[in-house]
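Since the structure comes first, as structure tokens, the remarks are kept for the end.
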Amino acid sequence: MATDTSTGDIESFGTVNKTVGTVFRYVLLAATLFGLVVLGALLVYVANDAIRPLTADPGWHLTFLLTLVLPTLGVGAFLYRRDEDALRFGATTVGMTVVTLMFSGGVGMVFVDILSPFVFLSYVLALAVPFVVVLAFQRRARRIPFFTRAGATTLGFYLSLFGLPGPVGAVAGIPAIVPGLPAMIQSVPTIPLPWMSLTATLGLGVAAFVGVYAARIRDRRAGLIAGAGALAAIGASGALGPAFGVTSVPAVVLASVAVVPTAAYAAGTAVSLPERRIGLLVPAVVIGGALAGEVVVGALGFAGPQSWVDWQFLTNAHSRTAVNAGLYPAIGGSILLMVTVAILSFPLGVGAAVYLEEYAPDNRFTRFIDVNISNLAGVPSVVYGLLGLGVFVTYLGRPTGTVLIGGATLALLILPIVIISSREAIRSVPNEMRQASYGMGATKWQTVRRVVLPRAFPGILTGTILALGRAIGETAPLIMIGAPSVLFSLPTGFTSKVSAMPLQVFAWSSLFASEDFYTKAVPAGVVVLVSVLLAMNSIAIVLRNRYQSDQ
């Protein structure tokens with residue numbers, strides 16, 4: 001490349017001129033700010049209709065200004081000048097508290113109204129037994145061919161879940177000879193209390209994660225103590241919850257999903273990074289200020305905002321009057337849809353990404369697949385609705401609007417996104433690490449399982465969460481497969497009819513269009529939906545930042 005310094009011309013680049021680049025930069029900045037301001041104004045307008053902060057007494061605003069806002073700003077400014085990392089730690093703890101509380105509400109809804117904790121326990125045991133057998137088998141027989149191990153593993157899980165001959169035999173008309181492990185467990189005459197079943201499943205899993213987290217920070221003994229303490233705290237919440245006005249199952253969910261993980265994160269960071277302990281001032285001031293403000297306004301009789309997003313809105317079903325309308329069945333439907341989408345899209349998408357990145361040859365066929373996956377990611381969602389209607393309803397004859405059909409259709413919608421994001425995460429693993437693994441004598445599968453996937457997993461999880469965030473806000477595919485816009489009860493299984501939050505909001509704004517629904521139920525539904533989306537995106541951001549900091 002030649003440069004003519006006398007005229008400012010650079011071959012292949014034309015005349016060097018900084019003015020054009022500067023103008024282009026400020027045009028981009030203006031476009032970005034315009035989009036953010038318009039979106040922010042719209043969200044503020046909707047939130048104002050839903051929460052109605054100006055309906056509160058002036059004394060209510062003054063009280064929380066003095067107990068919550070000003071102390072938080074003061075502590076934030078102090079930490080910003082002293083240690084930004086400590087401020088970030090404190091803000092993350094507050095955000096984690098809020099997000100986990102939201103998710104504990106969703107999980108509590110599942111175990112209170114949809115899935116019995118004892119049934120959940122039976123399926124957890126049915127999955128755990130073959131998993132332990134396969135793990136022990138794997139350690140004792142390492143030279144068995146891969147496909148033999150894959151077949152034996154599949155057969156073990158099938159027999160444990162469905163028995164002999166299972167669904168395959170039922171299709172052929174063969175009666176059941178040996179029931180599956182869930183059916184055997186559920187036939188036991190004496191069953192544990194619901195909160196005990198939940199502690200033995202959800203609580204035990206959370207305690208195991210806490211133990212591993214503590215072991216990485218300190219040592220194995222500290223991990224055992226932390227895990228045992230977490231399990232004891234979760235069990236105690238179920239036993240003592242009714243004494244404090246919280247029934248046992250919600251208390252166990254609250255402790256498992258919100259309290260114990262947040263406390264473990266805060267304690268672990270404070271122990272491993274002592275210089276950031278001062279960041280705990282932020283959650284102390286926020287939580288303490290909120291409690292103090294609540295006590296003061298209660299004592300002085302100041303009325304708060306007359307928000308439409310209240311407990312009644314979150315726990316009621318649809319009503320013909322906007323004042324009594326609720327979002328509860330739609331929230332439960334969205335949760336079940338997301339569980340189905342995650343179960344279907346995550347293993348399939350990650351498996352396809354691993355094959356295409358690590359095993360597939362570079363030929364015309366794989367390049368053809370690459371191009372089509374990229375194109376499918378940009379196809380409008382209504383097309384996937386038509387695909388789900390044609391494949392699942394017309395050809396397979398399945399009933400319309402069920403949890404399974406809705407979840408499968410939404411899984412098809414986000415599958416290209418999951419594949420692309422997973423491939424990018426796998427591709428970001430340095431090739432030198434693969435070569436080092438091969439140099440140590442590892443096989444292709446061992447390299448993928450022990451080197452590539454652990455390092456790429458945070459990126460894979462981040463992409464999957466963002467894809468699920470898109471799926472939870474989709475309406476067109478659900479309309480195409482015949483999902484009802486309004487339901488008055490929660491779905492009880494994967495074959496039950498299901499509605500979703502965007503469908504319910506759509507119904508309020510169209511089928512029940514009136515001034516009351518426009519100004520009350522619709523803004524409240526939008527605020528709840530956006531809050532869930534922001535919570536899911538915040539998890540993706542935290543995972544991405546954590547992944548980048550570990551590089």
Side-chain angles (χ1 to χ4, degrees), residues 110 114-115 123 154 157-158 161-162 166-173 329-353 355 369 372-422 464-507 511:
V110 171
I114 299 177
L115 179 65
Y123 279 96
T154 305
F157 279 95
Y158 177 87
L161 285 172
F162 306 114
V168 176
V171 173
I331 295 174
S334 289
I335 292 172
L336 280 183
L337 283 174
M338 288 306 103
V339 170
T340 310
V341 171
I343 291 174
L344 294 176
S345 64
F346 183 73
L348 195 59
V350 175
Y355 174 77
I369 292 176
N372 280 282
I373 289 175
S374 301
N375 291 334
L376 286 173
V379 171
S381 58
V382 68
V383 177
Y384 284 98
L386 287 171
L387 178 65
L389 179 67
V391 174
F392 301 123
V393 177
T394 303
Y395 289 103
L396 297 181
R398 309 306 302 173
T400 58
T402 62
V403 175
L404 189 59
I405 300 302
T409 304
L410 292 176
L412 288 175
L413 171 68
I414 69 168
L415 187 59
I417 305 174
V418 175
I419 294 175
I420 292 173
S421 59
S422 300
T464 304
I465 292 173
L466 293 177
L468 290 173
R470 180 190 173 184
I472 199 174
E474 286 290 346
T475 307
L478 298 177
I479 293 176
M480 296 306 299
I481 63 165
S485 300
V486 174
L487 279 181
F488 292 90
S489 61
L490 286 174
T492 55
F494 289 109
T495 56
S496 303
K497 293 281 187 180
V498 66
S499 184
M501 286 189 281
L503 270 180
Q504 182 69 74
V505 175
F506 169 74
L511 303 178

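The residues of the chain are indexed from 1 along the displayed sequence.
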Original post:
Looking only at heavy atoms, what is the nearest atom pair of Pro329 and Pro491, with distance?
Top reply: O-CD, 4.5 Å
Subject >> Met501 to Ile472 - nearest heavy-atom pair and separation >> reply: CE-CD1, 4.2 Å
Original post:
What is the minimum heavy-atom distance between Lys497 and Leu487, and which atoms define it?
Top reply: O-CD1, 3.4 Å
Original post:
Got a sec: does the CZ of Arg398 have more than 12 other heavy atoms crowding it under 6.0 Å?
Top reply: no
Subject >> From CA spacing to verdict: side-chain contact (heavy atoms from CB on, under 4.5 Å), Glu474, Leu413 >> reply: CA-CA 10 Å; Glu474 286 290 346; Leu413 171 68; 3.5 Å; yes
Original post:
If you look at every heavy atom in Ala507 and Val486, which pair is closest and at what distance?
Top reply: CB-CG2, 3.9 Å
Original post:
Could you state the interatomic distance from CD1 (Ile420) to CG (Leu415), rounded to the nearest 0.5 Å?
Top reply: 10.0 Å
Original post:
To the nearest 0.5 Å, how far apart are OG1 in Thr495 and CD1 in Ile405?
Top reply: 10.5 Å
**OP:** Provide the closest heavy-atom pair for Gly407 versus Val341 in the form atom of the first, atom of the second, distance.
**Re:** O-CG2, 3.4 Å
**OP:** Apply side-chain contact (heavy atoms from CB on, under 4.5 Å) to the pair Ile481 and Thr400, showing each step before the final yes or no.
**Re:** CA-CA 6 Å; Ile481 63 165; Thr400 58; 5.9 Å; no
**OP:** Go through Phe346 and Ile414 one step at a time and tell me if the side-chain contact (heavy atoms from CB on, under 4.5 Å) criterion holds.
**Re:** CA-CA 10 Å; Phe346 183 73; Ile414 69 168; over 6 Å; no
Subject >> Separation between CG of Leu490 and CD1 of Ile335, rounded to the nearest 0.5 Å >> reply: 8.5 Å
**OP:** Check Val383, Leu410, Leu386 against Pro477 for a side-chain contact (heavy atoms from CB on, under 4.5 Å) and give me the one that passes.
**Re:** Leu410
Original post:
Can you tell me how far the CG atom of Leu336 sits from the OG1 atom of Thr402, to the nearest 0.5 Å?
Top reply: 11.5 Å
**OP:** Can you measure from OG1 (Thr394) to CG (Leu389) and round to the nearest 0.5 angstrom?
**Re:** 4.5 Å
**OP:** Taking all non-hydrogen atoms of both residues into account, name the closest pair between Ala483 and Val498 and its distance.
**Re:** CB-O, 3.6 Å
Subject >> Leu412/Phe392 under side-chain contact (heavy atoms from CB on, under 4.5 Å): CA gap, chis, key distance, verdict >> reply: CA-CA 12 Å; Leu412 288 175; Phe392 301 123; 4.0 Å; yes
Original post:
Going from CG on Leu115 to OH on Tyr123, what distance comes out if it is rounded to the nearest 0.5 angstrom?
Top reply: 9.0 Å
Subject >> Sidechain-backbone polar pair: Ser499 side chain, Ala330 backbone, donor-acceptor under 3.5 Å >> reply: no
